[in-house]
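Since this is a predicted model, take the numbers as computed values, not measurements. Sequence lines set the chain letters: A, B, ... in the order given, protein chains first and strands last, and positions in each chain run from 1.
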There are 2 protein chains.
Amino acid sequence: MGKRQGYGQFCPISRASELLANRWTPLVVRELYFGSTRFAELRRGLPRMSSALLAQRLNELEHAGIVIAEPADTGAGHFYRLTEAGRALFPVLESMGRWAQTHSRDDLTRAENLDPDLLMWNIRRRVSDDSMPEDSCFAVSFHFLGVPASRSYFWLLFRDGETEVCLRDPGYKIALAVTSHIRTLTRVWLGHLKLEAAIRKRELLLEGDRRHVLAFPRWFPVSLLAASDVGDAR
Amino acid sequence: MGKRQGYGQFCPISRASELLANRWTPLVVRELYFGSTRFAELRRGLPRMSSALLAQRLNELEHAGIVIAEPADTGAGHFYRLTEAGRALFPVLESMGRWAQTHSRDDLTRAENLDPDLLMWNIRRRVSDDSMPEDSCFAVSFHFLGVPASRSYFWLLFRDGETEVCLRDPGYKIALAVTSHIRTLTRVWLGHLKLEAAIRKRELLLEGDRRHVLAFPRWFPVSLLAASDVGDAR
DNA sequence: CGGAATCCGGATGGATACTG
DNA sequence: CAGTATCCATCCGGATTCCG
């Protein structure tokens, strides 16, 4: 009876809404699209989502043909991947992102949305897509202002062509130390502020070998959804 | 506390989801984008949505700067309109529609989504956008198969350049009688079947003056989201 | 560890009735 | 007509637990 379900309309927007207009669902698809495959990875990108709801959403999406869950050959659990129909949802996510970047820009970096864990996790995911020198093995430290003390230090560890986020000093050589307010680096990530401008304005401090200082802007990534129009980025 | 609200993420998809990933919300925006402005018009395009929830969604959208409600000078109630930020959401709706048209096409015309009221209401809205002869005054009757008897007859009345949906014979000259299964006309509307093909295959019957029979395919509209790729439309 | 199942309290949505 | 008010079913968040 009151069973909440479809909208009973033939309109294609209605059909798409049956899938996407549910709490967390677009963000689950986003995580899968951006490359997470394991339950734990998804949770890390969706820290405020309960594990029960994530499991439920993955089921719904699998049932709808958006996600396919293959049992992990190694160990327990599954690999969750988008099907072709799932990847075809990207234009929806992209247009949502583009809308918010132009019509809700300042809301993105309101205090309650700043999250250093999430930022580092996203940076790592984009860095490892790009090509870093495979032979070198070093760490870059990040020190954030404007966050709780327990969340103010992070390290990116580059080793064997892999990139890892560490919450403690990994003990490798610190090639570069990055210091900024969490909002500054988030705005750089979102394309609201050019990295070079943040450095020039001394909102972002780089300390280390001249070589690594100069290399940093070349490998430091921005979001796939970064604004191309960079507001007050001069 | 348990207060359900934002997702606590700086990602623009997250921000857009806070607005759009709620039940009925994309469909409310769709109705406004397609030209409905009064509460009653919106309800007619969203027949399964409770009036309480519609009022709540309009409030939320107004608060978010997507909708503006101006008190109606004449009579009670308001005119609801999209703001510029609201109209900028159209690419999101469009990409949702495009996705469903290609990846969930057959679900659109499942029995539970066929609705002759909704179909006629949508047709009317698109017809009046197009130019019909302003001087003429006539009616076109629609007889649907595959629907409850009480919903099987409709009339489109063209008068003074206005178009109206009638649930009873308006008494004007019936220039043309259209008969088809509800699914057939819905598929034509969605672009899954070409009108000419439906006529040729005798899934859609036209009776009336030769002049009106010939004119019908010229003014009969399809959805703004009609598929350009028309499957088995030959 | 990876993930599913359960339980609880608060929030949300659907149905119906009601009001100016 | 244009919404409110109310009641109840469902959904969601958080915590805990369980299983392999």
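- Across all non-hydrogen atoms, the minimal contact from Glu41(A) to Thr37(A) is OE1-N, 2.9 Å.
- Remark: Glu162(B) does not engage Arg159(B) in a salt bridge, criterion side-chain N to carboxylate O under 4.0 Å.
- Contact between the side-chain N/O atoms of Trp24(B) and the OP1/OP2 oxygens of dT12(C) is not found at any separation under 4.0 Å.
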Pick out the pairs of N or O atoms, protein on one side and nucleotides 3-9 of chain C on the other, that lie under 3.5 Å.
unit_1: dG3(C); atom_1: OP1; unit_2: Arg38(A); atom_2: NH2; d: 3.2
unit_1: dG3(C); atom_1: OP1; unit_2: His78(A); atom_2: N; d: 2.7
unit_1: dG3(C); atom_1: OP1; unit_2: His78(A); atom_2: O; d: 3.1
unit_1: dG3(C); atom_1: OP2; unit_2: Phe39(A); atom_2: N; d: 2.8
unit_1: dG3(C); atom_1: OP2; unit_2: Ala40(A); atom_2: N; d: 3.4
unit_1: dA4(C); atom_1: OP1; unit_2: Tyr80(A); atom_2: OH; d: 3.3

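- Put simply, CZ on Arg43(B) and OG on Ser50(B) are 7.0 Å apart, with the number rounded to the nearest 0.5 Å.
- Of the side-chain N and O atoms in Arg57(B), one or more sit less than 4.0 angstrom from OP1 or OP2 of dG13(C).
- Side-chain nitrogen and oxygen atoms of Arg23(A) include none within less than 4.0 Å of the OP1 or OP2 phosphate oxygen of dA11(C).
- Each end of the helix from dC1(C)-dG20(D) to dG20(C)-dC1(D) gets its own axis from five base pairs, and the two axes differ in direction by 30°, given to 10 degrees.
- Using a 3.5 Å distance cut-off with no hydrogens or angles, the side chains of Arg187(B) and Thr109(B) do not pair a donor with an acceptor.
- Applying the salt bridge (charged side-chain N to carboxylate O under 4.0 Å, His left out) rule to pairs touching residues 78-98 of chain B yields Glu70(B)-Arg81(B), Glu94(B)-Arg98(B), sequence neighbours excluded.
- Atom CG in Leu53(B) sits roughly 16 Å away from atom C1' in dA2(D) (whole-Å rounding).
- One can place CG of Leu42(B) at 13 Å from C1' of dC1(D), the figure rounded to the nearest angstrom.
- Rounded to whole Å, the distance from CG on Leu54(B) to C1' on dA15(C) is 15 Å.
- In this structure, a donor-acceptor pair under 3.5 Å is absent between the side chains of Thr163(A) and Arg124(A).
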